[in-house]
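Just so it is clear, the structure is predicted and the values come from calculations on it, not from any experiment. Every chain is numbered from 1, with letters handed out A, B, ... down the list of sequences. Because only heavy atoms are used, hydrogens play no part in the values below, and waters and symmetry mates are left out as well, while side chains stay in.
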Protein chains: 2
Amino acid sequence: MMTLEDEAMAADPETGQRLAADNEGVSQLPEMSSIVGYVLRRAQLSVFQDFIESFAELKLRPAEFSVLNLIAQRPGQKQSEIAEQLGIKRANFVALMDGLERRGVAERRKSPEDKRSHSLHLTAEGERFLSEMLSVWNAHEQRIIQRLGGDAERDKLIELLGRLSGPD
Amino acid sequence: MMTLEDEAMAADPETGQRLAADNEGVSQLPEMSSIVGYVLRRAQLSVFQDFIESFAELKLRPAEFSVLNLIAQRPGQKQSEIAEQLGIKRANFVALMDGLERRGVAERRKSPEDKRSHSLHLTAEGERFLSEMLSVWNAHEQRIIQRLGGDAERDKLIELLGRLSGPD
DNA sequence: ATGAATTGTTTTATATCATAACATTTATTT
DNA sequence: AAATAAATGTTATGATATAAAACAATTCAT
């Protein structure tokens, strides 16, 4: 009779698999689908993919969405403030903001109080763009929530993810 | 008496905040901390940050970890197969594999059956490296699980994240 | 008033990722 | 069997993201 060891040692003619000697401690190797960081990355890419497809027509990237949303929530904030909230280096924020200004949806205003800083605002066209943007985003977000199973699952996920985000 | 509208209209001398006229529909704007994609990205960056710091000494990046782990689980797989499992374009996989080969931890073997493909294997040194790698990774993963609250929370998170990952 | 810190900016380097083209080899069609 | 199509690894290239260093103008701190 064939022992378990024999079975483990047998080569698989179907898949042309290697002998067991080649991968002994395989059982202690983590399944990719159980590695938090890996599953996290795959999920993030998938959600961003949906986002990018959703905003293909408006040609808006996630970072730009976030910037416009933050400016709308609290107009007048400085570049550094917006950048820092999003974890974007202020050096890299410059080009991003240039783009939004070139599109005419946001603008820099030099404040008389501190002549170093620029306070950020939406333009009138930016306000119109905002409502379009939010409409597209709502559809996207609903699609994501549906994938999760509902609002309760969304809330649970957000809570768990919040525990992972460092203090930065 | 001051109405709610009045309060909403009042400028804040502390923060130098804009007038309410500047951001009327602010209540319909999503909080960044409630946007799945955003929270997901921040969490992923944080987990990867811990990973990168954990592997600073071994100079191993997440993608390289995944490749070595997959090769160890199933030696002999083709480059394309490993690349596809990880969502890495086969063109970009070449340089990654070059690096692992140059470090002497993995190797390409040309299979006699299909002279196009290369089957991937760990070297003897790669096997030694693997156990170091797993030791470092276990510490990292435990840290992440601890942040989440425990194994149950980890399992729940993995399940929810799995629902988000597209069919790719 | 002088030195230190902040803010926006430019420049540069690196890493990531997608696409196209190619040679070699294998599979499929005629 | 010959011709065509597809798979595999590779190279080259461009786009994007991200980090770090240096700088000028301005404000803050001592």
Between [X] ([atom1]) and [N] ([atom2]), how many Å, whole number?
X	N	atom1	atom2	result
B:His118	C:dT24	NE2	P	13 Å
B:Ile82	D:dT8	CD1	P	13 Å
B:Lys110	C:dA23	NZ	C1'	13 Å
B:Phe48	C:dA15	CZ	P	16 Å
B:Asn92	C:dA21	CG	C1'	15 Å
A:Leu96	C:dT9	CG	C1'	15 Å
A:Gln44	D:dA17	CD	P	12 Å
B:Phe93	C:dT16	CZ	P	14 Å

Apply side chain to side chain contact (heavy atoms under 4.5 Å, CB included) to B:Phe51 and B:Ile144, showing your working. CA-CA 10 Å; B:Phe51 183 100; B:Ile144 300 303; over 6 Å; no
Any [X] side-chain N or O less than 4.0 Å from OP1/OP2 of [N]:
X	N	result
A:Lys89	D:dA19	yes
B:Arg41	D:dT18	yes
B:Arg108	D:dT10	yes
A:Gln79	C:dT6	no

Pick the closest DNA chain C nucleotide for A:Gln49 and for A:Met97 by heavy atoms, then say which residue is nearer the 5' end.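 Result: A:Met97.
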Under a 4.0 Å N-O cut-off, is there an ion pair linking [X] with [Y]?
X	Y	result
B:Arg61	B:Glu64	yes
B:Arg147	B:Asp50	yes
A:Glu159	A:Arg163	yes
B:Arg109	B:Glu107	yes
B:Asp98	B:Arg103	no

Given D:dT8, D:dA17, C:dT19, the nucleotide with the shortest approach to the side chain of B:Ser117: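 Between D:dT8, D:dA17, C:dT19, the one nearest the side chain of B:Ser117 would be D:dT8.
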Can you figure out which of C:dA15, D:dA12, D:dA21 approaches the side chain of B:Arg61 most closely?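 Nearest to the side chain of B:Arg61 among the choices is C:dA15.
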What is the nucleic acid contact for B:Ala63, judged by heavy atoms within less than 4.0 Å: base, sugar-phosphate only, or nothing? nothing
Is the closest side-chain heavy-atom distance between A:Leu157 and B:Leu161 below 4.5 Å? yes
Between protein and nucleotides 25-30 of chain D, map the contacts as a letter string: B base, S sugar-phosphate only, - none, heavy atoms under 4.0 Å, written 5' to 3'. BBS---
